[in-house]
Protein chains: 2
Amino acid sequence: MYVLIVEDDVRLADAVAQILRNNDYQVDVVHDGADGLSYGEAGIYDAIVLDVMLPKMNGFEVVAELRRRKVATPVIMLTARDALGDKVGGLDSGADDYMTKPFAPAELMARLRSLTRRQGEVVFETAEFGDIKLDLESCDLICGEKSIHLGFKEFSIAKILIANAGRVVSKETLIEKVWGYDSEVEDNNVEAYISFLRKKFEFVGSKVKITTLRKVGYRLDEGE
Amino acid sequence: MYVLIVEDDVRLADAVAQILRNNDYQVDVVHDGADGLSYGEAGIYDAIVLDVMLPKMNGFEVVAELRRRKVATPVIMLTARDALGDKVGGLDSGADDYMTKPFAPAELMARLRSLTRRQGEVVFETAEFGDIKLDLESCDLICGEKSIHLGFKEFSIAKILIANAGRVVSKETLIEKVWGYDSEVEDNNVEAYISFLRKKFEFVGSKVKITTLRKVGYRLDEGE
DNA sequence: CGAAATCTTAAAGCAAGCTTAAAGCCGCAC
DNA sequence: GTGCGGCTTTAAGCTTGCTTTAAGATTTCG
């Protein structure tokens, strides 16, 4: 379970992140609306916890923009203000749930569970490009008859490449979105995973190729 | 990642440049507004860090002029004054972000990341002149049906020539903008790349020519 | 023509990226 | 607790192709 927290109060954000991590969630934290949008846009999260009052873009704007860009990730809005106006605004702009600060950690957990369960029951997505498919539930790479399991990191990278098929994705972008923006991983790590992925693409007999653009990044191309 | 710093306080400018270089950014530093404008205008930077109080032209004027000339490079303004008036002025004139001095290096890094990330995802530009196009994302040179990949240096030079199409660009300018203002490269290096570029222009069957102006520089002309 | 500037090319140098093996880590089963 | 298996990370050697150098050919201008 992979959650994005967008909250400018660093202490609060870290506290929430810690609670979630203790409950076996994988968590990314960012501190302003613009980052929230660009992270959320990757579409790799199971839920987003989003503060309303944020630098650069407020929470409403972020949700609205995410929905406009066809990102369906469930969003829980957080706000100190409990005015009715806010609630309406938040839900209108595409949020799925709403909590006022302060809140009990247990309540957040419960709402997250309910949101992600709902999603798990209804949605069964599969990302596709060219002759390959990605089973978003089982993390399998499928091409015609053949299929092979991807590890979580391989899977995340494949998902981002597919989401940006035909466009160039830089190593920095991959590192930030897969490992988190403050991580220390080396470029070589990405290179290694690209290598693994290429091997698996080949194994399932796909024509899709990962093109290297030296000093720029990688791009998914429909081979042939 | 290529950043331009425009800051008249030499000590501060160097300190910031050092920090960025340590983080694998390529950095150019200039110390007044006029230089800031002419460097920024090349359009080769991923971001510009721009002080407000500068000799010759202040930061607001520089941004405004850059935008007027259709340069979309993200700009972070720096200022000691934190008056509201300044903030509004900076953002109005086309800056993308704003920081007050003194600031934590980490904050600058974070803002740069967020700015360049936003740009990388949204913008998909292509520079054109005559019958040729430059795909700014994949670094490909395109002319009609044909296209060919350019290396980074070739690409930078092509970009500058196109940005200044019809005008003369000196070798010194090219060296400063492509290799950095304190680099030691020989003129012959530029000549070699011009030669490579001419060959690739011909390969894609373009009519555009790189005209040599002896002892002056090069100019991109629409052939025919 | 001769000197200086520029062009072209081949080859050397170097950095980016690829691949693979091995070590590390973590959860799970016994 | 121990050991196994799978995923992740690290590290090293290797490959590829961009960059620079250098030397000779060519052009331009006085």
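We name chains A, B, ... by the order of the sequence lines, and we start the count at 1 in each one.
The ring pair (Phe, Tyr, Trp, His ring centres under 6.0 Å) contacts involving residues 129-157 of chain B comprise nothing, where partners must be two or more places apart or lie in separate chains. The salt bridge (charged side-chain N to carboxylate O under 4.0 Å, His left out) analysis of residues 189-199 of chain B, with sequence neighbours excluded, yields the pairs B:Lys171-B:Glu191. Within the structure, ring pair (Phe, Tyr, Trp, His ring centres under 6.0 Å) contacts touching residues 195-224 of chain B (residues at least two apart or in different chains) are B:Tyr193-B:Phe196. For residues 148-166 of chain A, the set of pairs meeting the salt bridge (charged side-chain N to carboxylate O under 4.0 Å, His left out) definition, not counting sequence neighbours, comprises A:Glu154-A:Lys200.
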Could I get a table of every N or O pair under 3.5 Å where one atom is in the protein and the other is in nucleotides 5-10 of chain D?
from	atom 1	to	atom 2	distance (Å)
D:dT8	OP1	A:Phe152	N	3.4
D:dT8	OP1	A:Lys153	N	3.1
D:dT8	O5'	A:Tyr193	OH	3.3
D:dT9	OP1	A:Trp179	NE1	3.2
D:dT9	OP2	A:Trp179	NE1	3.0

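For the segment residues 211-219 of chain A, residues with any heavy atom less than 4.0 angstrom from an atom of DNA chain C are, sorted by number, A:Thr212, A:Arg214, A:Lys215, A:Tyr218.
In this structure, A:Glu191 places its CD atom 17 Å from P of D:dC14, rounding to the nearest Å.
For B:Ser156, there are no side-chain hydrogen bond (donor to acceptor under 3.5 Å, both in side chains) partners at least two apart in sequence or on another chain. The salt bridge (Lys or Arg N to Asp or Glu O under 4.0 Å) search around B:Asp221 returns B:Arg219, not counting sequence neighbours. Judged as a side-chain hydrogen bond (donor to acceptor under 3.5 Å, both in side chains), and not counting sequence neighbours, the contacts of B:Thr173 are B:Ser170. Not counting sequence neighbours, A:Ser147 has no partner by the side-chain hydrogen bond (donor to acceptor under 3.5 Å, both in side chains) test. For B:Asp32, the salt bridge (Lys or Arg N to Asp or Glu O under 4.0 Å) partners two or more places apart in sequence, or in a different chain, are B:Lys56.
The 12-atom threshold is exceeded at CD of B:Glu222, counting heavy atoms of other residues, nucleotides or ligands nearer than 6.0 Å.
On the nucleic acid side, DNA chain C has its first and last nucleotide under 4.0 Å of a heavy atom of chain B at C:dA4 to C:dT9, going 5' to 3'.
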